[in-house]
Structure formats: C-alpha cells, structure tokens
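So the structure is just underneath, and the comments pick up after that.
For ligands, and for the atoms within them, numbers begin at 1 and follow the listed sequence.
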Amino acid sequence: HSNREMWFRDFFPANMCPINAKADTFYGIMFDAGSTGTRIHIYTFVQKSPENLPELEGEIFESVKPGLSAYADQPEKGAETVKRLLDMAIDAVPPHLWKTTPVVLKATAGLRLLSEEKAQALLLEVREVFEESPFLVPEDSVSIMDGSYEGILAWITVNFLTGQLSGQNQHTVGTLDLGGASTQITFLPRFEETFKETPGDFLTSFEMFNSTYKLYTHSYLGFGLKAARLATLGALNMEAVDGQMFRSSCLPKQLEAEWHFGGVKYRYGGNKEGETGFEPCYLEVLKVVKGKLHQPDEIRGSSFYAFSYYYDRAVDTNLIDYEQGGVLEVKDFERKAKEVCDNMERYNSASPFLCMDLTYITALLKEGFGFRDNTLLQLTKKVNNIETSWTLGATFHLLQSLGLTY
Ligand SMILES: Nc1ncnc2c1ncn2[C@@H]1O[C@H](COP(=O)(O)OP(=O)(O)O)[C@@H](O)[C@H]1O
Ligand SMILES: [Ca+2]
C-alpha cells in the first residue's frame with residue numbers, strides 16, 4: 001500500500017482499522033510427517049505493527065493415518081496423502097496470499113528408521129507435490145528433522161503458548177513428547193551443575209524471539225511407544241524373521257494377532273502357559289529402558305508438560321478427560337498399569353497393548369528419565385485452542401529464516 005492509501009490508519013486503533021483486518025494477515029503451512037500419521041497445521045498470523053512480533057491468530061489442523069513410512073515401497077501413494085491435506089490449504093488461504101505462504105514438511109522418527117534410499121524416495125515425491133502447488137516452497141522444504149530440533153521446537157511451542165517466552169519473569173516448563181518411534185525430553189536447566197554433568201550433545205543453544213536459550217534436549221530413537229512394543233517383544237530390527245511369533249507377559253494370555261509397523265508385519269501373542277500381569281511385564285519392559293537413558297538430577301523434582309502418547313494413554317484409561325487434559329503424578333500411571341495388567345480380561349475390548357503401553361510409560365518415566373513417583377505431569381493437547389506440537393515452533397523458526405519475523 002502506498003502512504004496515500006493508508007493515511008486513515010492513524011485514526012483507528014490498530015485492530016479496528018478496516019484495512020488492517022486483512023492486509024496484515026499471513027499464513028504458514030507446516031506438515032508433521034510422524035511415524036503413525038501425517039498432519040497439516042495451517043497457522044494464521046497478524047502483524048499488528050512492524051515493531052512487534054506477529055500474533056498467532058489461529059490454526060487449522062487435519063491429520064491422516066498411517067504415516068509416510070507405511071508407504072516405504074509406494075512413495076507416490078505416500079505423497080498422495082500429503083497432496084490431499086495440502087488441498088485443504090488451498091481452501092483455507094486466500095488466493096492472493098498463496099505465493100507468499102511457505103509450505104514445509106518435516107519428517108520425524110518413522111523416516112529416520114527407514115533406509116536412506118526409501119526415505120529419500122518419499123521426500124522426493126512430496127517435494128514434487130509442493131512444487132506443483134501454488135505456495136512458496138523454500139529451500140530444504142521437505143526433510144527429515146534432526147531429533148534435537150524436535151524437542152527444542154516443541155519446547156518453544158509450549159512455552160510460547162503458555163506465555164513464558166515474552167516479558168520478564170520467565171518460568172519456562174520442560175516438555176516430554178512420546179511419539180510412535182522416538183521420545184524427546186527438553187528443559188531449560190536452572191543449575192550450573194546440570195550443564196557440567198550433561199554430555200555435550202544433550203545441550204543446544206537456540207535463538208528465538210531475540211533471546212538465546214541454552215536447552216537440555218535429547219531424542220531417543222527407538223523409544224517411542226510403538227517401537228518400545230517391538231523392543232519388549234524382542235522384535236525390533238528383526239525384519240528378516242518372517243512369521244515368527246513374539247510373546248510377552250504384558251499381553252492377554254490367549255491373544256494371537258498380527259501388527260504392521262514401518263511397513264513390516266509382526267506376529268505377536270500372550271504367554272499361553274507362562275506368567276502374565278504387572279510384575280513380569282514390568283521386568284520385561286525394564287530390559288528395554290534400564291540404563292539406556294541419561295538421567296539429569298535436576299528434573300527429579302520439577303514438573304513437566306507431557307503430550308502425544310502420554311496424553312492418549314491417560315485418556316484411554318480415564319486418568320484425564322480428552323478435552324480438558326489434567327495434572328497427574330508419575331505414580332498415577334503405575335497405579336493404572338497395575339490395574340490394567342492384573343485384570344487383562346476386563347480390558348480386552350480396548351487395545352491388547354494397553355497393559356504394555358502403561359507399563360512402558362511407567363518404566364520410562366521412573367527408570368528411564370529418573371522421575372520421582374510424585375513428579376507432576378501437566379497433560380495438554382491444546383493451549384488456547386492451538387495444538388501443542390513442535391510444528392508451531394518450527395513455523396516461527398521458518399518465518400524467522402524467511403525474514404518475516406525475528
Ligand atoms: N497435532 C498433534 N499434536 C501433538 N501430538 C500429536 C498430534 N497429532 C498426533 N499426535 C500424537 O503423536 C503421537 C504419535 O507419534 P508420531 O508423531 O506419529 O510418531 P513420532 O513422533 O515418533 O514420529 C500420538 O500420541 C498422537 O496422538
Ligand atoms: Ca511426533
């Protein structure tokens with residue numbers, strides 16, 4: 001707009017100015033290619049004045065299952081799922097803003113676990129879908145995200161949404177993300193001790209909104225909930241063994257079934273003659289986590305935000321409400337694990353993996369990260385109606401790199 005057209009701006013409060021209402025709205029499209037599903041987040045921002053940060057106005061969210069890695073041998077079909085989601089953005093973004101709206105896809109642990117060749121074939125097909133769209137396709141718009149970014153960006157999202165990244169008196173909160181194939185822990189250390197006793201590759205400096213944050217973050221590949229199921233069954237990285245039956249005391253005795261993950265078929269079942277229940281199950285699961293994770297002393301007493309499968313399993317067992325979320329203690333997961341595992345017949349109609357999943361979450365929190373029984377977990381799916389996902393942090397980072405914000 002020329003200055004002449006905008007002369008009346010000064011006569012209106014910014015948010016009532018008739019031109020402001022639309023002229024300074026812009027969009028960002030971020031795809032989360034997770035191991036269990038692909039999701040599109042279309043964010044709307046409003047730049048109310050040039051000297052302030054743009055404000056997040058809203059989000060449109062949609063998802064499909066399974067994830068891209070399920071199309072390891074049909075990359076074109078995989079990219080087709082992305083195209084269908086991108087069509088939503090065509091409807092959501094006004095046509096005159098298409099060519100300035102960036103679109104980016106970041107894949108997480110599902111693609112990290114595929115062979116380089118298969119992963120690249122998928123990414124290439126997705127890139128073609130983007131190039132054929134009317135949106136702005138930045139360099140490197142389709143990639144596998146580094147695990148440490150996954151944690152950092154989720155931390156940025158949660159702390160931005162809870163208002164901890166603006167103004168003084170920042171009381172940031174740590175984040176726990178439990179995906180299908182990997183799990184992340186991220187927090188801002190308060191004690192010098194933590195920096196001293198932490199391996200260097202668990203610490204990253206990150207710049208956002210004119211501040212530098214030195215964060216503790218790590219992504220454990222193969223420690224997501226579904227990968228942990230395979231590890232517990234002894235089936236992780238066992239692609240070669242066809243038709244083998246994997247048994248566990250964490251599954252209903254009479255169960256025999258098949259399961260597809262990452263394009264591989266697994267047969268699994270309960271301990272027909274042997275033991276079942278929480279005690280033997282906990283011992284099995286313990287083998288997967290014990291001694292495998294770094295335990296920062298500082299986190300033992302502090303509270304964390306937890307989402308993804310922590311949230312889903314807490315909902316499944318009525319520990320929290322699906323809409324509201326809630327606050328739990330680590331020991332609540334253990335109590336539920338015992339209840340479910342020691343009464344497996346009663347929970348048969350739910351997922352046969354419920355006992356194993358809850359037991360794994362308990363072991364991961366206690367023996368993996370070293371949390372106390374009474375550590376508080378804030379379970380949230382949305383804050384102010386925005387999904388608590390790394391995608392928002394990634395979109396801020398993207399806007400920053402495009403010079404649209406700082
Ligand atoms: N928009 C979302 N925000 C936060 N978590 C989500 C969202 N969509 C799905 N999830 C959760 O992510 C978990 C699945 O992890 P996923 O992202 O597929 O695997 P990974 O992170 O290991 O690649 C599920 O618990 C699912 O509820
Ligand atoms: Ca994820």
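Only backbone heavy atoms of Thr388 (N, CA, C or O) come within less than 4.0 Å of ligand 1; its side chain stays farther off. With a 4.0 Å heavy-atom cut-off, ligand 1 is reached by the side chain of Asp312 but not by its N, CA, C or O. Here Tyr311 has no heavy atoms under 4.0 Å from ligand 1, in either its backbone or its side chain.
A salt bridge does not link Arg84 with Glu62: none of the charged nitrogens is closer than 4.0 Å to a carboxylate oxygen. No salt bridge links Asp332 with Lys336; every basic N to acidic carboxylate O contact stays at or beyond 4.0 Å.
Other residues, nucleotides and ligands place no more than 12 heavy atoms under 6.0 Å from the OH atom of Tyr322. The environment of Glu80 atom CD is dense: over 12 non-hydrogen atoms of other residues, nucleotides or ligands sit within 6.0 angstrom.
The Gly179 neighbourhood of ligand 1 comprises atoms 15 (O), 19 (O), 20 (P), 21 (O), 22 (O), with distances under 4.0 Å to a heavy atom of that residue.
Residue contacts with ligand 1 leave out Lys226, since none of its heavy atoms falls under 4.0 Å from the ligand. Under the 4.0 angstrom criterion for non-hydrogen atoms, Ser182 is in contact with ligand 1.
Although no hydrogens or angles enter the test, the distance criterion places a donor-acceptor pair under 3.5 Å between the side chain of Gln47 and the main chain of Ser49.
Between Thr108 and ligand 1, an N or O atom pair is found at a separation short of 3.5 Å.
Cysteine sulfur proximity is not satisfied for Cys355 and Cys250, their SG distance being 2.5 angstrom or more.
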